Each structure stands twice: as structure tokens, then as C-alpha cells.
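Convention: sequence-line order gives letters A, B, ...; per-chain numbering from 1. Note that the structure is a prediction, hence the values are computed from the model and not measured.
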Protein chains: 2
Amino acid sequence: MTRPAQIHDVAARAGVSPSSVSRALNGGRHVSPAVQARVLRAAEELGYEPNLNAQGLRGQASRTVGCLVSDVSNPLYAELVSAAEARLQDEGYLFVLGNSHGDMARELALIRLFRRRRMDGLIVALNNETHPDLLREIEQTAVPLVLLDRDVSVERDRVSADHRGGAYAAARHLIDLGHRDILLVTPGHQVRPGRERMAGMESAFRDAGLAPEGLTFSLQASSIAFVFSDVKQALAGPRPPSAIVVLGTQMLAGTLSAIASCGLEVPGDVSVISIGDTDLARYAAPGITALRWDLKNVGRQAAELLLARFGGDVAPPRAVVFPMELIIRKSCSPPGSNRRGAR
Amino acid sequence: MTRPAQIHDVAARAGVSPSSVSRALNGGRHVSPAVQARVLRAAEELGYEPNLNAQGLRGQASRTVGCLVSDVSNPLYAELVSAAEARLQDEGYLFVLGNSHGDMARELALIRLFRRRRMDGLIVALNNETHPDLLREIEQTAVPLVLLDRDVSVERDRVSADHRGGAYAAARHLIDLGHRDILLVTPGHQVRPGRERMAGMESAFRDAGLAPEGLTFSLQASSIAFVFSDVKQALAGPRPPSAIVVLGTQMLAGTLSAIASCGLEVPGDVSVISIGDTDLARYAAPGITALRWDLKNVGRQAAELLLARFGGDVAPPRAVVFPMELIIRKSCSPPGSNRRGAR
DNA sequence: TTGTAAGCGTTATCAG
DNA sequence: CTGATAACGCTTACAA
């Protein structure tokens with residue numbers, strides 16, 4: 001294999017100087033059409049590919065965006081990431097993905113790595129909103145940065161979903177059906193979505209004048225780990241929930257398994273609402289009533305905010321919040337619907 | 001915001017030359033412990049972060065790997081990508097993700113972009129295995145490259161799944177149950193998995209001495225688009241399939257919808273096998289019998305092959321094939337099980 | 001419009 | 001063990 005062509009080679013072949021090649025290839029201003037044409041052809045013939053490391057070093061934007069999430073294999077993130085990537089790709093940006101797997105050390109390392117790469121912008125969903133090291137890391141990031149669905153006390157663009165409103169609506173729906181004992185299964189309160197969901201459901205209980213003891217939480221550190229046993233334990237407990245609100249990822253999977261393995265049915269014995277309208281929620285049987293928000297739009301919006309900043313937008317940080325909508329399916333009914341049946 | 005610290009600043013602060021800083025920071029050989037310590041402290045105090053563009057330019061490996069898939073929001077890819085990324089991250093590599101969305105122009109552009117970035121290695125799942133432009137692009141790629149589940153006529157490392165064997169097992173299972181009319185719903189024959197699936201099912205029909213007309217295909221260009229209407233049409237046709245084998249992504253979702261919207265039931269009216277043991281297959285009701293292969297392992301293996309090459313492995317290209325296993329659930333029964341019922 | 005030359009931040013080579 | 005020096009490949013003043 002031969003050395004890749006350099007700007008120098010193109011220049012030689014076109015019979016011009018490297019600077020003319022550079023000008024001809026970027027923008028094409030201050031170059032005569034004749035030279036422009038010759039350069040283009042020479043570059044084509046040589047299969048010239050500018051070295052982006054060198055371009056980046058010389059001071060240009062690197063046209064690269066870093067994205068940090070806990071795990072793309074989470075379908076919620078996957079959809080968001082895919083949309084953000086698509087939008088940025090349209091503008092010629094490269095998209096670097098880092099999965100933290102919930103590990104703070106990895107988050108720190110990744111943000112640092114992103115910075116060393118001199119990325120033009122970052123999209124981040126931290127797993128820890130308060131740790132000073134992480135905060136410092138964010139603050140030290142000079143390039144545009146969009147916070148995904150997190151409340152971090154730094155002045156940055158952010159895009160979030162209205163988890164509070166969504167949770168309120170979900171709780172309200174269940175309360176209206178007569179439920180008084182509801183279990184919320186969600187990633188924990190160290191991040192915004194969890195906190196907001198709890199707050200939303202609590203205020204629904206309050207507004208309905210219900211005893212707050214009816215609301216219990218199963219706060220999960222990892223997406224999958226202990227949901228099954230937690231839910232099973234709750235259902236076997238002294239005051240089992242008659243309804244469960246659960247994140248529509250593997251957590252929903254674990255919850256449905258747990259319910260089934262207790263010999264219970266949805267919705268007869270337990271009503272279920274999924275947070276996030278995933279395939280699983282949509283096509284489980286019975287269809288699971290779900291809180292939907294437009295993840296593609298969230299991802300696109302994050303990209304859009306970055307692109308605006310790249311374009312020189314210096315307005316104060318924006319916060320975009322996407323609404324959540326309750327999609328009614330068949331997984332909710334009044335509590336005790338099944339009690340008449342033999343079991 | 002102040003200019004980020006450079007090696008020069010660290011050198012000044014530690015009272016040594018830039019070269020010593022470089023040596024102290026990388027490996028730390030040929031440096032006295034005293035200098036080493038001072039440099040480390042100075043770097044720490046200044047928050048020095050080496051510019052990877054410069055490092056890359058200077059000729060080092062860029063410690064970056066590019067990955068091209070059609071869409072991470074496809075749960076099959078998401079899992080694979082997540083595993084590959086995790087493994088590479090462990091070794092300090094940055095993972096650049098490109099979604100082609102099935103568009104060949106994007107694929108070309110991305111591979112080119114990857115090369116310009118002087119990536120150390122590539123993991124690619126092309127959507128087109130034969131187009132000369134793409135082939136040339138692959139051949140021109142000097143760095144290690146792993147082909148994901150594709151038959152491209154170039155000598156490269158590849159990791160694949162045994163779709164043929166899996167499809168054979170699935171067809172066999174259905175044939176043993178008595179099915180003679182089976183529909184296969186899969187992305188088309190322009191890529192390996194589709195072709196292999198068709199071949200596997202065809203040979204199961206042949207081995208069973210069955211008429212090949214019983215086997216029909218619904219070849220889908222895009223993951224989601226026309227599955228619903230295609231399946232619906234097939235079920236309403238003159239010789240409706242009594243069983244459907246379908247990719248466990250949104251295609252499975254579309255298929256289940258189509259079956260339901262025809263007023264049919266699984267497995268009473270139609271048996272279903274999912275290719276890929278996705279959450280949807282696992283938790284749909286009834287549970288969908290599925291072909292499982294270890295996607296995490298596939299992703300990890302792709303990463304592993306690259307890492308071996310980075311480590312200087314010069315063996316001829318390897319081909320790793322992962323087996324598929326049929327997980328029996330409740331979505332398959334003998335054909336016509338429901339005919340006695342009123343419908 | 002075009003070419004010359006300097007420099008982006010790092011590391012490898014080579015003296016000392 | 002340490003420091004000067006020369007690249008790496010590109011862009012951009014500046015001069016012609």
C-alpha cells in the first residue's frame with residue numbers, strides 16, 4: 001500500500017502551489033476557475049483525502065461532536081442518538097459516541113477524551129448531576145455543550161422532557177381508575193428524570209387528597225439488574241401495589257416478567273403504565289398504556305442547538321422542554337378487577 | 001475562557017523541556033523519577049490535556065475506531081454497537097458512529113470521512129455488498145477493517161451470524177409442526193443475512209421434500225416501511241401463510257400488528273418466529289419463539305479482531321461465525337389449530 | 001490571483 | 001537522562 005496522497009502531491013500534479021490547492025478545495029474563493037478545475041481533477045485522480053488531524057490542528061473547527069449517554073442499547077437513547085447523529089451528519093459533522101454504562105469514572109474519562117480531541121461540541125446525559133468533579137469538567141468545557149434531560153447547575157443549553165407532567169398524568173389516570181397503591185419503577189433520584197417522575201406522582205397524590213403512603217418507589221441504579229426481584233417482592237408484600245408505572249426499557253420487560261411469574265395478570269390484577277412508548281409497550285399483549293414523548297425530536301433539537309452555536313449564536317442558554325402524552329391502551333383497569341375470578 | 005494549557009506550558013512550569021514532558025506523560029521511560037513527578041504535578045495543576053489532533057498528526061495512532069451501521073436505533077445494532085464500543089473504550093479508543101440509514105451515498109461519504117480522520121480501524125455493516133464504488137472504498141482502506149455480517153468480495157476480517165443455519169432450524173421447526181406455507185419477512189437479498197435466511201429455509205423445504213411454492217418472501221428495503229401492508233396482503237391472499245418468520249425488529253412489530261388487524265391470533269391462526277431474541281419477542285404475548293444469537297459477543301468480537309490487528313497481528317483474514325439457537329416459546333402451533341373455533 | 005513561509009501542538013531523533 | 005530540532009499535513013497572512 002502506498003502513502004496516501006497529500007496536498008503537496010495534488011499541487012505538483014496540478015502544477016500549482018499547495019495554497020492554491022487548499023483554496024480550490026475549500027470554498028473555492030480567490031482562485032481562478034482554471035486552477036480550480038485543474039486542482040479538482042488532480043485531487044480526484046490521486047484520490048486525495050485531506051488529513052483532518054492536520055486540518056484540525058491548524059486551527060479550523062474539527063467538525064466533530066461528542067455524545068455521552070449511559071448506553072445506546074437502551075432503546076430510548078438509541079432513538080435519540082440516531083436522530084442527533086442524522087442531523088449532524090447532514091451538516092458534515094462526525095459523531096463520536098461514548099457509553100458510560102452508568103460509571104462516573106467513564107464519564108469523566110470520556111468528557112476529557114472529547115476535549116482532548118478538540119471536539120466542536122458535546123451532547124451529554126450525565127448519570128450524576130452533582131459530583132463536583134463532573135461539574136468542573138462541564139464548566140471547563142469551552143465548546144458548546146447541550147445537557148440532555150439533566151439538571152446540572154451550570155449555565156448551558158439543555159433539552160429535556162416534561163417528566164413531571166407526564167408522571168402526573170399517569171398517576172392521575174390511575175387514581176381516577178381507583179388505584180390507591182402505586183409503585184413507580186425508575187432509575188433513581190440522582191438524575192432529573194427520576195426526581196421529576198417522583199415529584200409528579202407525589203403531587204398527583206396530593207392534589208387528589210390521597211395518603212402519600214400509597215405511593216412507593218423502586219429506584220434502580222442499573223437499567224436491568226434488580227427490577228425483577230424488586231417488583232416480585234413488592235407484589236408479594238403486605239401492601240402490594242395495584243398499579244405499576246415503569247420505565248419502558250428493560251425495566252418494563254423485567255416488570256412484566258415479575259408480574260407473570262407471580263401468576264398475576266395485566267390489567268386484571270395489576271395495571272401497568274410504561275414511561276416511554278417503546279416497541280415493547282406497543283406490542284406487548286395487552287398493549288401497555290404509555291407516556292410518549294418524541295425522542296427523535298429531542299435528539300434533533302439537541303443537534304440543532306449545537307449547530308446554532310456553531311453558527312455563532314451567542315444568546316443566553318436555552319432550555320427546550322418536550323411534552324409527554326399519555327397513550328391509552330389496555331393495560332389499566334380499576335383495581336381488583338380480577339378478584340372475582342378464581343386464583 | 002483561557003487558552004488550554006499546552007505541553008510548552010507544562011514544561012515551563014516543571015522547569016524542563018517539552019520533550020521531557022512528553023516522555024514523562026507517555027510511558028515514563030527514560031525519565032528520572034524526579035522529573036517525572038514534577039511534570040505530573042505541573043500537568044495536573046494546569047489541567048493539561050494533550051491535543052489529540054497534534055498527536056495524531058505527528059504520526060501516532062489516533063486511537064479512534066469508526067463504525068458504520070444502517071441505524072443504531074435498530075435494537076439489533078444497538079446491542080452490538082454498545083458492546084463493541086465498550087470493549088474499545090476499555091482500551092482507550094474513541095468510537096465514532098455513523099448511521100447510513102440505508103443510503104449508499106451516506107455510506108460512501110462516511111467511509112471517506114473515516115479515512116480522512118485517519119482512523120485506526122473500521123467496523124462496517126454495508127447495505128450494499130456489490131457496488132463497485134463501495135468495494136473500491138473498502139479496498140482503499142489501508143487500516144484494519146471488520147465486515148459485519150456481510151459477504152463482500154474483499155479479503156478482510158469478518159464476523160457474522162449463521163443465518164442460514166438459524167433459518168433452517170426455524171423452517172424445520174415449523175415444517176415439523178405441519179406447516180407447508182411459510183412467509184419469510186426480512187431485509188432483502190442485497191445483503192448476506194437476507195440471502196442466507198432464504199437459502200436456509202429453501203434447503204429445509206428441499207430436505208423435507210416439500211414444494212418450494214409453499215415458501216414465500218417479503219423482502220423489505222427499509223426496516224419499517226411496508227411490512228404491515230405486505231403481511232396483511234399476504235394473509236388476505238389466495239394462499240395465506242400459516243406461519244411467518246420475521247426479523248425481530250420493527251418488522252416483527254409490523255407483522256404482529258398486521259396479524260391482529262386481520263382478526264387473526266398467534267399461534268392459533270398464524271405461527272410466528274422472530275429472527276433475533278429482542279425484548280419485543282420475549283415479552284409479547286404469547287411469547288414469540290425466537291432465533292437467538294449473542295449480539296454482545298458479535299460486537300465484542302469485532303472489537304477484538306481490530307485490537308488484535310492493532311497489536312500487530314498479521315495473520316490472514318479471519319472469519320468468525322456465531323451460531324443461532326432456536327428458543328421455543330408459545331407462538332408456534334400446528335396449522336389450523338383455530339379452525340374449529342368460530343371465526 | 002498566486003506563491004512563499006510560518007506555525008498549529010506533539011513526539012522522534014539525535015546530540016550532549 | 002535531558003534538551004534542541006525537525007518533522008507530521010494543512011491553512012492563512014503576507015508578499016508578489
Side-chain angles (χ1 to χ4, degrees), chain A residues 2-40 42-43 46-64 112-113 115-120 142, chain B residues 2-40 42-43 46-64 92 112-113 115-120 142-143:
Chain A
T2 168
R3 169 176 70 73
Q6 304 180 6
I7 197 169
H8 180 80
D9 306 317
V10 179
R13 176 156 193 134
V16 297
S17 75
S19 26
S20 291
V21 175
S22 175
R23 281 187 288 253
L25 259 29
N26 314 324
R29 290 130 80 86
H30 304 274
V31 201
S32 68
V35 169
Q36 163 108 330
R38 264 188 304 160
V39 167
L40 255 33
L46 265 47
Y48 169 64
E49 315 215 325
N51 182 327
L52 294 189
N53 281 320
Q55 287 189 329
L57 179 56
R58 187 55 181 76
Q60 293 253 6
S62 68
R63 295 195 85 80
T64 306
R112 236 167 250 155
L113 211 49
R115 275 224 306 277
R116 294 178 175 202
R117 265 282 170 213
R118 303 298 192 261
M119 306 247 164
D120 296 335
Chain B
T2 166
R3 169 177 72 71
Q6 305 180 4
I7 199 170
H8 181 81
D9 306 315
V10 180
R13 176 155 193 134
V16 296
S17 75
S19 349
S20 291
V21 175
S22 176
R23 280 188 290 254
L25 260 29
N26 312 324
R29 292 129 79 84
H30 304 276
V31 201
S32 70
V35 169
Q36 162 109 327
R38 265 188 302 159
V39 167
L40 253 35
L46 265 47
Y48 169 64
E49 316 215 323
N51 183 325
L52 294 189
N53 280 321
Q55 288 189 329
L57 178 56
R58 188 46 230 270
Q60 294 253 10
S62 68
R63 296 196 85 77
T64 307
R112 238 168 248 155
L113 212 48
R115 276 224 304 276
R116 294 177 175 202
R117 258 275 128 80
R118 302 301 192 260
M119 307 249 166
D120 297 334
V143 295

Polar atom pairs (N or O), protein with nucleotides 12-16 of chain C, under 3.5 Å:
unit_1 : atom_1 : unit_2  : atom_2 : d
C/dA12 : OP1    : B/Gln60 : NE2    : 3.2
C/dA12 : O4'    : B/Arg58 : NH2    : 3.3

Work out which heavy atom in B/Tyr48 is nearest to a heavy atom in B/Gln6; give both atom names and the distance. CE1-C, 3.5 Å

Option passing salt bridge (Lys or Arg N to Asp or Glu O under 4.0 Å) with A/Glu49 (candidates B/Arg118, B/Arg117, B/Arg115): B/Arg115

Listed partners of B/Gln55 passing side-chain hydrogen bond (donor to acceptor under 3.5 Å, both in side chains), at least two apart: none

Just the rounded figure in Å: distance from P of C/dG7 to CG of B/Asn51. 18 Å

Enumerate, atom names and distances included, each donor-acceptor pair closer than 3.5 Å involving a side-chain atom of residues 21-40 of chain A, sequence neighbours excluded.
unit_1  : atom_1 : unit_2  : atom_2 : d
A/Asn26 : ND2    : A/Ser22 : O      : 3.3
A/Ser32 : OG     : A/Val35 : N      : 3.3
A/Arg38 : NH1    : A/Ala14 : O      : 3.0

Whichever of B/Ser32 and B/Arg118 has its nearest DNA chain D nucleotide further upstream toward 5': B/Ser32

Quickly work out the B/Gln55 CD to C/dC8 C1' distance and round it to whole Å. 14 Å

What is the distance, to the nearest angstrom, from the CD1 atom on B/Ile7 to the C1' atom on C/dC8? 14 Å

Could you tell me the boundaries of the chain B footprint on DNA chain D, defined by atoms under 4.0 Å from its heavy atoms? D/dC1 to D/dG9

When rounded to whole Å, the CD to P distance for the pair B/Gln6 and C/dG9 reads 4 Å

Rounded to the nearest Å, what distance is computed from the CG atom of residue B/Leu57 to the P atom of nucleotide C/dG7? 17 Å

When you measure from the side chain of A/Asp120 to the backbone N and O of A/Ala61, does any donor-acceptor pair fall under 3.5 Å? no

B/Asn51: side-chain hydrogen bond (donor to acceptor under 3.5 Å, both in side chains) partners, not counting sequence neighbours: none

Listed by chain and number, what are the side-chain hydrogen bond (donor to acceptor under 3.5 Å, both in side chains) partners of A/Arg63, not counting sequence neighbours? none

Between B/Ala54 and B/Arg29, who's closer to the 5' end of DNA chain D by nearest nucleotide? B/Arg29

Any A/Ser17 side-chain N or O less than 4.0 Å from OP1/OP2 of C/dT4: no

Show me the pairs that pass salt bridge (Lys or Arg N to Asp or Glu O under 4.0 Å) and involve residues 7-22 of chain B, at least two apart or across chains. B/Arg3-B/Asp9, B/Arg13-B/Glu45

Kindly write out the residues that satisfy side-chain hydrogen bond (donor to acceptor under 3.5 Å, both in side chains) with B/Arg112, not counting sequence neighbours, or none if the list is empty. B/Glu137

Let me know the distance between CZ of A/Arg117 and P of C/dG9, rounded to the nearest Å. 16 Å

